[in-house]
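So the structure is just underneath, and the comments pick up after that.
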2 protein chains.
Amino acid sequence: MKATHGGRARYHHGDLRNALIEAAIELAALGGPEKVVLREAARTVGVSPTAAYRHFGGHGDLLEAVKVRGQQALADSMAEAVAALPGLDDPGEEAERTAKAIGRGYLRFALDQPGLYRTAFCRTPLDEEDDFNGLQAPDRPEFAAFVLLSEALDALVAAGRMRPENRPGAEAAAWSSVHGLALLILDGPLARLPGEERDAVIEGTLATLVAGLTR
Amino acid sequence: MKATHGGRARYHHGDLRNALIEAAIELAALGGPEKVVLREAARTVGVSPTAAYRHFGGHGDLLEAVKVRGQQALADSMAEAVAALPGLDDPGEEAERTAKAIGRGYLRFALDQPGLYRTAFCRTPLDEEDDFNGLQAPDRPEFAAFVLLSEALDALVAAGRMRPENRPGAEAAAWSSVHGLALLILDGPLARLPGEERDAVIEGTLATLVAGLTR
DNA sequence: GATAAATGTTGACGCCGTTAACAAGAGTGT
DNA sequence: ACACTCTTGTTAACGGCGTCAACATTTATC
């Protein structure tokens, strides 16, 4: 007799798994991955801690679920930034602006939702498992971000702005730049930059990156 | 009567603070910041958990100390990579190679000592304090890395390889690239790259970065 | 409607960080 | 040499965490 729905209390929650994930997401959004505590999520939902074990292997699984959601939200932010872009006549110019827009969408999410962003890239027990059994993690849709980025880089090549021989590994270079910048701003030595300078640094980094890609 | 020194047991340890830090560093090296647990460090040293509170405000302080050591070790790795470089006649070429060497030294440390590297950039209670009182963290020698990088970039300008108007913010762009790459390889989507491809990605990213800086 | 499966609950365990109260050495002045 | 004090250890205890085992309740199935 804990959760209520339509005014009626009920023993079975009905959608406890998602409710716990929602609660955990809220925690992650507020304080990052280390604030995702199973008991607190259960408390929020109004359920006993052990109830979570009917839906998750344990704390690690719950965190993993939040992580995936964070990755999805990140990809959404990037897609949104691209979608908001006007079409251009010059395909080269359009490809470059698209690439930068992706970077901005990425950074916007990281800075707007630092807790979720950190969680999206946090180390998870699952990661280490994969290390041991040598598996790939191929079918994760969570890194849709990666696909978006790849397309943008392909467009750069197609538009003749990027030399095909520089194409391999370009995702890594691009992602590294924005990811590193985001973390340096969130947790690192760039943490206490005034907003104005911060924007300048972001634009500068994106400019350097695109210049390097289109070398 | 716990610690012994020269075969003689003694009540007072003599250098407990450092001993705890050493133990904590070992933990961090093995499993990253979340493995730094005060009680375990005390256990290793052979002392009661609460003894640590004579030397640290608490767990956060201990972690902070490990973090600083990690940052110093990182800077050392970079400096070492630079020192190992042969002098060249062409100052432009030398400046570029120095920049890349710094990047390689950075990445080498990150990949050789993932636990310490993560700890060097982990979020610490101290960070949030700073957020609140708006203080800068100016006099930290830990980011000697930053100084090294700045000098390398200045050299690029001095040698005429980098346009002065691109100099501001260049540290951010450079650091972001290598930092992001390190984390993507350690925890992110580049985690399970075969060693060979990994090296290629690293070289490619450094090439893109330098190309962007010397645009 | 009985029986099984799914989904909750309570209680307990060990580990963590942390605090309070106490004890043992080390240092110092007479 | 001795008493006093400060420093640096100790034990005992608290609450919070993740987790497991055992039990209870609701829902699904024949």
Side-chain angles (χ1 to χ4, degrees), chain A residues 1-6 8-21 23-24 27-28 30-67 119 122-126 128-129, chain B residues 1-6 8-21 23-24 27-28 30-67 119 122-126 128-129:
Chain A
M1 232 192 304
K2 290 296 185 72
T4 67
H5 179 269
R8 299 191 34 70
R10 27 150 126 181
Y11 187 92
H12 281 28
H13 179 283
D15 192 22
L16 183 51
R17 175 167 225 275
N18 274 83
L20 285 171
I21 293 180
L27 292 175
L30 257 51
E34 58 274 8
K35 295 286 185 186
V36 172
V37 22
L38 186 147
R39 291 179 97 112
E40 175 70 18
R43 220 173 286 133
T44 305
V45 175
V47 95
S48 86
T50 50
Y53 285 78
R54 301 293 177 195
H55 304 275
F56 300 94
H59 171 263
D61 273 23
L62 176 58
L63 182 56
E64 182 71 29
V66 177
K67 181 176 175 176
T119 309
C122 77
R123 202 161 172 72
T124 264
L126 230 163
E128 295 169 30
E129 269 182 42
Chain B
M1 229 193 301
K2 291 296 186 71
T4 66
H5 179 267
R8 297 193 35 70
R10 25 150 126 184
Y11 187 93
H12 282 29
H13 179 283
D15 193 21
L16 185 51
R17 176 168 225 273
N18 273 84
L20 286 171
I21 294 180
L27 293 175
L30 257 49
E34 59 273 8
K35 294 287 185 185
V36 173
V37 23
L38 187 146
R39 291 180 98 112
E40 175 70 17
R43 221 172 286 135
T44 303
V45 175
V47 97
S48 85
T50 51
Y53 286 79
R54 300 292 177 194
H55 305 275
F56 301 94
H59 172 262
D61 273 22
L62 177 58
L63 182 55
E64 181 71 27
V66 178
K67 180 175 175 177
T119 309
C122 77
R123 203 163 171 70
T124 265
L126 230 164
E128 294 167 30
E129 271 181 41

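Every chain is numbered from 1 and lettered A, B, ... according to where its sequence line falls, protein lines coming before strand lines. Everything numeric here is computed off the predicted structure, so don't read it as measured data.
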What residues form a side-chain contact (heavy atoms from CB on, under 4.5 Å) with A28(B), not counting sequence neighbours?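 Listed in chain order: V36(B), V66(B), L116(B), T119(B).
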Quick one: [X] [atom1] to [N] [atom2], roughly how many Å, whole number?
X      : N       : atom1 : atom2 : value
L16(A) : dT9(C)  : CG    : C1'   : 13 Å
N18(B) : dT8(D)  : CG    : P     : 13 Å
H55(A) : dA5(C)  : NE2   : P     : 18 Å
L63(B) : dG17(C) : CG    : P     : 11 Å
F56(A) : dC17(D) : CZ    : C1'   : 17 Å

Output all residues satisfying side chain to side chain donor-acceptor pair (under 3.5 Å) with R43(A), sequence neighbours left out; order by chain, then residue number.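 Testing R43(A) for side chain to side chain donor-acceptor pair (under 3.5 Å), a comparison that skips the adjacent residues, returns E40(A).
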With sequence neighbours excluded, tell me which residues meet side chain to side chain donor-acceptor pair (under 3.5 Å) with T50(A).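 Scan of T50(A) (side chain to side chain donor-acceptor pair (under 3.5 Å), adjacent residues dropped) gives S48(A).
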Could you list all N or O pairs between the protein and nucleotides 13-16 of chain C that sit under 3.5 Å apart?
residue	atom	partner	partner atom	Å
dC16(C)	OP2	R43(B)	NH2	2.4

Residue of the set I21(B), D15(B), L16(B) for which side-chain contact (heavy atoms from CB on, under 4.5 Å) holds with H55(B):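 Testing each of I21(B), D15(B), L16(B) against H55(B), the sole residue satisfying side-chain contact (heavy atoms from CB on, under 4.5 Å) is L16(B).
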Matching residue for F56(A) among L38(A), L62(A), L63(A) - test: side-chain contact (heavy atoms from CB on, under 4.5 Å):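 Option passing the side-chain contact (heavy atoms from CB on, under 4.5 Å) with F56(A): L62(A).
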Can you tell me how far CZ of R123(A) sits from NZ of K67(A), rounded to the nearest 0.5 angstrom?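 It is 8.5 Å, given to the nearest 0.5 Å.
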Check: K35(A) side chain, L30(A) main-chain N or O, donor-acceptor pair, under 3.5 Å: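 No, because the side chain of K35(A) does not come within donor-acceptor range (under 3.5 Å) of the backbone of L30(A).
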Please list each protein N or O that sits under 3.5 Å from an N or O in nucleotides 19-22 of chain C, with the distance.
none

What nucleotide among dT10(D), dT7(C), dT9(C) has an atom nearest to a side-chain atom of A51(B)?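 Looking only at side-chain atoms, A51(B) lies closest to dT10(D).
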Where P125(A) and G60(A) come nearest, the two heavy atoms and their spacing: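 Taking P125(A) first and G60(A) second, the nearest heavy atoms are CG-CA, 4.0 Å.
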